[in-house]
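To start, the structure itself, in structure tokens.
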Amino acid sequence: MRSVGTLTRADLAEVINRKMGFSRAESLAMVEAILDHMCEALERGENVKISGFGTFLLRDKNERIGRNPKTGVEVPITPRRVLTFRASQILKDRVGQG
């Protein structure tokens with residue numbers, strides 16, 4: 001079922017298909033709808049929390065001075081918004097158990 005080392009949208013749809021009995025097309029549409037909803041919320045500046053899994057957090061970084069390690073030339077790094085993921089304690093415990 002799974003690709004080596006990567007869980008794909010198709011893998012998620014396959015699990016929904018097997019466990020819930022939806023058609024493959026319906027399962028894939030459900031996965032796409034969930035991911036689209038999450039992306040839209042993040043675009044609006046909202047954090048996304050999935051209970052028992054983790055939280056996708058948006059963070060604004062200020063402008064700062066960076067340095068090219070090879071030449072030592074200082075370069076301004078523009079302000080930007082970054083996305084981070086913070087795993088829930090439940091997920092951390094499950095991953096830690098192997």
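Since the model is a prediction, treat every value here as computed from it, not as a measurement. Numbering starts at 1 and runs along the sequence shown.
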I would like to know whether Leu58 and Asn47 meet side chain to side chain contact (heavy atoms under 4.5 Å, CB included); could you show each step before the answer?
CA-CA 6 Å; Leu58 291 170; Asn47 293 327; 3.9 Å; yes
Please list, one pair per line, the donor and acceptor atoms closer than 3.5 Å that link side chains of residues 76-85 to other protein atoms, with sequence neighbours excluded.
| from | atom 1 | to | atom 2 | distance (Å) |
| --- | --- | --- | --- | --- |
| Arg81 | NE | Asp60 | OD1 | 3.0 |
| Thr84 | OG1 | Leu57 | O | 3.4 |

Search all heavy atoms of Ala13 against all heavy atoms of Ser27 and return the closest pair with its distance.
O-CB, 3.2 Å
Let me check something: do [X] and [Y] share a hydrophobic cluster, defined by ILVMFWY side-chain heavy atoms less than 4.5 Å apart, either directly or through other members?
| X | Y | value |
| --- | --- | --- |
| Val15 | Leu28 | no |
| Val73 | Ile65 | no |
| Ile50 | Leu7 | yes |

One should read off an interatomic distance between Asp11 CG and Glu14 CD, to the nearest 0.5 angstrom, of 8.0 Å
Under the salt bridge (charged side-chain N to carboxylate O under 4.0 Å, His left out) definition, can you give me all pairs with a residue in residues 63-76, not counting sequence neighbours?
Arg67-Glu74
Is there any salt bridge (charged side-chain N to carboxylate O under 4.0 Å, His left out) pair reaching into residues 25-43, and which pairs are they, with sequence neighbours excluded?
Arg9-Glu32
Evaluate Leu35 against Val31 for side chain to side chain contact (heavy atoms under 4.5 Å, CB included), listing each step before the verdict.
CA-CA 6 Å; Leu35 294 176; Val31 170; 4.0 Å; yes
Set of residues satisfying side-chain hydrogen bond (donor to acceptor under 3.5 Å, both in side chains) with respect to Arg44, sequence neighbours excluded:
Glu46
Taken in chain and number order and not counting sequence neighbours, the residues that satisfy side-chain contact (heavy atoms from CB on, under 4.5 Å) with Met30 are Ile16, Phe22, Ile34
Output all residues satisfying side-chain contact (heavy atoms from CB on, under 4.5 Å) with Lys49, sequence neighbours left out; order by chain, then residue number.
Thr55
Side-chain polar contacts of residues 89-98 - donor-acceptor pairs under 3.5 angstrom, sequence neighbours left out - could you list them?
| from | atom 1 | to | atom 2 | distance (Å) |
| --- | --- | --- | --- | --- |
| Gln89 | NE2 | Asp93 | OD1 | 3.0 |

